[in-house]
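Inspection log for the structure reproduced underneath, given as structure tokens.
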Amino acid sequence: MANIETPRRFPDGFFFGSATSSFQIEGRSNDIPQGDSIWDTFCAEPGRIEDGTHGLVACDHVHRWREDIELMASLGLSTYRFSISWPKVIPDGTGTVNEPGMAFYEAIVDGLLDAGITPMPTLYHWDLPQALQDRGGWTNRDTAEAFANYARVMAERLGERIPTWMTLNEPYVSAVLGHVTGEHAPGTTNLEAGLAAAHHLLLGHGLAIAQLREAAPHAELGIVLNFTPAEPATDAPADVALADVRHGFDNEWYIHPIRRGEYPTATVEALGWDQSVVQDGDLDVIAAPIDVLGVNYYTRQVLSAVGQELPFGTPRTEMDWEIHAPSLHRLLTWLNEEYGLPKIVITENGAAMPDNDRADGRVHDQDRIDYLHDHLSAVLSAIDDGVPMAGYLAWSLMDNFEWAKGYAKRFGIVEVVPETLERIPKSSALWFEQLARTGVLPASGSDPH
Ligand code: FCB
């Protein structure tokens, strides 16, 4: 798509910003006592994080948040999606509010508003209080109730100042990587546990929506889901069947009950799931209306039943994820046609790249510019097709703790120098700034320097 010849303009009101999450950037402060999260526990277990690192310091955002807000303002970004660390505001997951933790987020929100940046908090980006995990975490239905109470507390304290709340980030990843493959915290490997966790995450989302509607009636409410389009490698029935199951499990499992009030039947059957954790009325709670869907998109998957590695020779990022922007366009039109959403925001899109071209002290990341350019072009094509796209948030504002990969995978448009934690905008940040300031996507994504 990089060869589209003329610059194109995004519609008026379309916003550009960046995204981060609490555990990936904040670190800890002595001034903010907090509870442990499941990611603290996970990082402390040998072998869980590829480079043996943890989130105790991360980008030290807990001390540098003012500078980070200034940075976003200097880049012309109008929206910031961040997440609230549940164990910073309610250390044990339920019970007493931790005032220093609450004050931290109140200050960030006020700082953003003063800088003219719209705050878009996500209530849960994977850092579950360990105290709740000790009682079963998301496999325990009580965690859904605890989440709704926490949502209520946040809406009561920040409600007036927040135009858009997101409940969960990528429940697929919490459920499946956390409980089925064990790559993420809490690191269990059990399909039944994963399906129970997925259901309780969705239930928690629905219960939280009800609380937020009451406590913040003016706010727009939504959830952030990740989608990885699944395509068969060939027309062979076995490939097609495999792609169908992956599509159901990876892409439909969350949006379908939210929009249709039921789990996708064919996938339920394929998994042989008995739904014993689903109680009467749960699906009505889960299907509460939302105002906005956050879409996280990074890559697609091409599936072969005979296990070939696919597709061969296509460009990939440092995560080994195929770069395939046309799949984003198709995904957005599918979501719109299938689920008729009121509004869609790209809440994450971006790429880990090698970042080894460092002439004159700055990372020249032409590859990341190309990635962003082509995916933004796909968003424009979706807009042309009538998909109600409202904004685009780059993942991520800055290099950060990339979960089980540690700090080795860098997604930032701003570099965080490992030794000093200094922030230095990469070429992609300056390129993105021009787009954010003008709303014009240039014909191709060249380095502004
Ligand atoms: C998403 C996560 C985000 C980040 C990106 C690369 O799945 O939501 O925190 O790790 O992937």
Side-chain angles (χ1 to χ4, degrees), residues 20-28 32-45 48-49 54-56 58 82-98 101-102 104-105 121-154 165-190 192-208 211 223-226 254 277 296 400-404:
T20 63
S21 88
S22 47
F23 194 81
Q24 293 179 276
I25 65 163
E26 284 179 356
R28 291 189 178 220
I32 308 177
Q34 65 172 89
D36 278 346
S37 81
I38 55 174
W39 273 93
D40 292 301
T41 310
F42 196 68
C43 291
E45 292 171 11
R48 293 295 203 180
I49 310 301
H54 51 70
L56 294 175
F82 59 103
S83 81
I84 292 166
S85 156
W86 187 352
K88 270 197 175 71
V89 291
I90 308 180
D92 292 331
T94 56
T96 321
V97 171
N98 180 36
M102 187 61 87
F104 173 61
Y105 292 107
T122 304
L123 286 162
Y124 184 71
H125 200 128
W126 309 349
D127 41 0
L128 187 74
Q130 180 60 37
L132 294 182
Q133 186 61 41
D134 295 342
R135 302 200 289 275
W138 288 109
T139 66
N140 181 346
R141 191 178 170 91
D142 294 349
T143 299
E145 299 281 350
F147 178 66
N149 289 334
Y150 153 58
R152 173 97 196 191
V153 168
M154 294 313 302
W165 287 100
M166 293 296 189
T167 55
L168 305 174
N169 178 68
E170 302 188 354
Y172 166 87
V173 175
S174 302
V176 178
L177 274 69
H179 299 80
V180 183
T181 68
E183 293 158 80
H184 279 189
T188 50
T189 48
N190 179 319
E192 209 52 42
L195 293 170
H199 181 65
H200 296 141
L201 281 153
L202 281 167
L203 182 64
H205 155 77
L207 292 169
Q211 292 299 325
I223 184 169
V224 174
L225 301 178
N226 60 301
Y254 305 85
V277 294
N296 291 356
N400 57 47
F401 178 74
E402 180 45 38
W403 308 111

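The minimum heavy-atom distance between Lys88 and Gly27, with the atom names listed, is NZ-O, 3.1 Å. The two residues Pro129 and Ile90 have their closest heavy-atom pair at CG-O, 4.2 Å. Nearest heavy atoms, Cys43 versus Gly55: SG-N, 4.3 Å. Between Thr96 and Pro91, the shortest heavy-atom distance links the atoms O-CD, 3.8 Å. The minimum heavy-atom distance linking Leu168 with Thr122 is given by the pair C-CG2, 3.9 Å. Asn190 and Ala193 make their closest contact through OD1-N, 3.0 Å (heavy atoms, listed as atom of the first residue, atom of the second, distance).
When each of Phe104, Tyr124, Tyr105 is paired with Ile84, the side chain to side chain contact (heavy atoms under 4.5 Å, CB included) condition holds for Tyr105 and for no other. Checked against His184 for a ring pair (Phe, Tyr, Trp, His ring centres under 6.0 Å), the options Phe23, Trp138, Phe42, Trp126 give a single hit: Trp126.
Side chain of Tyr254 to main chain of Asn226: no donor-acceptor pair is present (N/O by atom type, distance under 3.5 Å, no hydrogens or angles). Under the 3.5 Å distance criterion, the side-chain polar atoms of Asn149 are left unmatched by any main-chain donor or acceptor of Thr94.
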Handout entry: Intermediate values then yes/no, side-chain contact (heavy atoms from CB on, under 4.5 Å), His125 and Glu170
Key = CA-CA 8 Å; His125 200 128; Glu170 302 188 354; over 6 Å; no
Exercise for the section: Go through Asp40 and Gln130 one step at a time and tell me if the side-chain hydrogen bond (donor to acceptor under 3.5 Å, both in side chains) criterion holds. Expected result: CA-CA 8 Å; Asp40 292 301; Gln130 180 60 37; over 6 Å; no
Practice task
Run the numbers on Val173 and Trp403 for side-chain contact (heavy atoms from CB on, under 4.5 Å), then give the verdict.
Solution key: CA-CA 11 Å; Val173 175; Trp403 308 111; over 6 Å; no
Practice task
Show the numbers, then the answer: is there a side-chain contact (heavy atoms from CB on, under 4.5 Å) between Val277 and His200?
Solution key: CA-CA 8 Å; Val277 294; His200 296 141; 4.2 Å; yes
Exercise for the section: For side-chain contact (heavy atoms from CB on, under 4.5 Å), just list the numbers for Thr143 and Leu128, CA-CA rounded to whole Å, side-chain angles, deciding distance to a tenth of an Å, and then say yes or no. Expected result: CA-CA 9 Å; Thr143 299; Leu128 187 74; 4.0 Å; yes
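In this structure, OG on Ser22 lies 3.5 Å from CG on Asp127, to the nearest 0.5 angstrom. Here Arg28 contributes atom CZ and His54 contributes atom NE2; the two are 10.5 Å apart, rounded to the nearest 0.5 Å. Between the CG atom in Leu201 and the NE2 atom in His179 there is a gap of 7.5 Å [rounded to 0.5 Å]. In this structure, CD in Gln211 is found 13.0 Å from OG1 in Thr167, a value given to the nearest 0.5 Å. Distance check, rounded to the nearest 0.5 Å: CZ of Phe147 to CG of Leu123 gives 5.0 Å. Summarising the geometry, atom CG belonging to Asn140 is positioned 11.5 Å from atom CG belonging to Asp134; distances are rounded to the nearest 0.5 Å.
Side-chain contact between Val153 and Val97: present, with at least one pair of heavy atoms (C-beta onward) separated by less than 4.5 Å. Between Ile38 and Leu132, the closest side-chain pair of non-hydrogen atoms is not below 4.5 Å.
Partners of Phe82 under the ring-ring contact (aromatic ring centres under 6.0 Å, His included) rule, at least two apart in sequence or in another chain, are Tyr80.
Classification of the Trp86-Tyr150 ring pair by plane angle, with boundaries at 30° and 60°, yields parallel.
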